[in-house]
Amino acid sequence: MLGEYLPILLFLVVSTGIGVVLLAVGYIAGPRSASSAAKLSAYECGFEAFDDARMQFDIRYYLIAIQFIIFDLEIIFIVPWATVFRDLGLLGLIEMGIFAGMLLIGFIYVWKKGALEWE
């Protein structure tokens with residue numbers, strides 16, 4: 001019975017060995033340079049941090065992020081639906097219309113909140 005697990009054990013040993021070898025080669029053959037104050041300083045987007053990491057974001061940022069995820073999910077549902085559209089008939093068309101309508105309502109909500117207008 002343990003012989004059935006031999007390929008899994010072999011895979012784990014080989015993958016761990018490859019990882020260790022690659023780390024060792026990188027450590028041995030990698031460039032060595034002295035760290036300077038400029039390299040060790042904290043930066044964000046090319047300039048010094050100007051505020052605490054826990055600063056508040058505008059709600060519009062989150063609305064756009066959620067809308068992006070919703071439209072990604074829309075594609076996940078619409079593409080398979082389009083491939084079997086003829087088989088679903090009128091009921092499938094009505095269900096997809098309701099789905100697209102709900103997405104349209106969300107888009108209108110984000111639009112009315114002003115999340116699409118940047119300053």
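Just so you know, residue 1 is the first one in the sequence shown, and it goes up from there. Side chains are part of it too, since the values below use all heavy atoms of this structure and drop only hydrogens, waters and symmetry mates.
Taken from CG in L103 to CD1 in I108, the straight-line distance is 11.0 Å, to the nearest 0.5 Å. Once rounded to the nearest 0.5 Å, the distance linking CE of M102 with CD1 of I70 reads 9.0 Å.
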With a 3.5 Å cut-off and sequence neighbours excluded, list the donor-acceptor pairs that the side chains of residues 77-100 form with protein atoms.
{"unit_1": "W81", "atom_1": "NE1", "unit_2": "G92", "atom_2": "O", "d": "3.3"}
{"unit_1": "T83", "atom_1": "OG1", "unit_2": "P80", "atom_2": "O", "d": "2.6"}

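Residue F107 is not grouped with residue I66 when hydrophobic side chains (ILVMFWY) are merged at heavy-atom distances under 4.5 angstrom, including chains of intermediate members.
Summarising the local packing, CZ of F71 is surrounded by more than 12 heavy atoms from other residues, nucleotides or ligands at distances under 6.0 Å.
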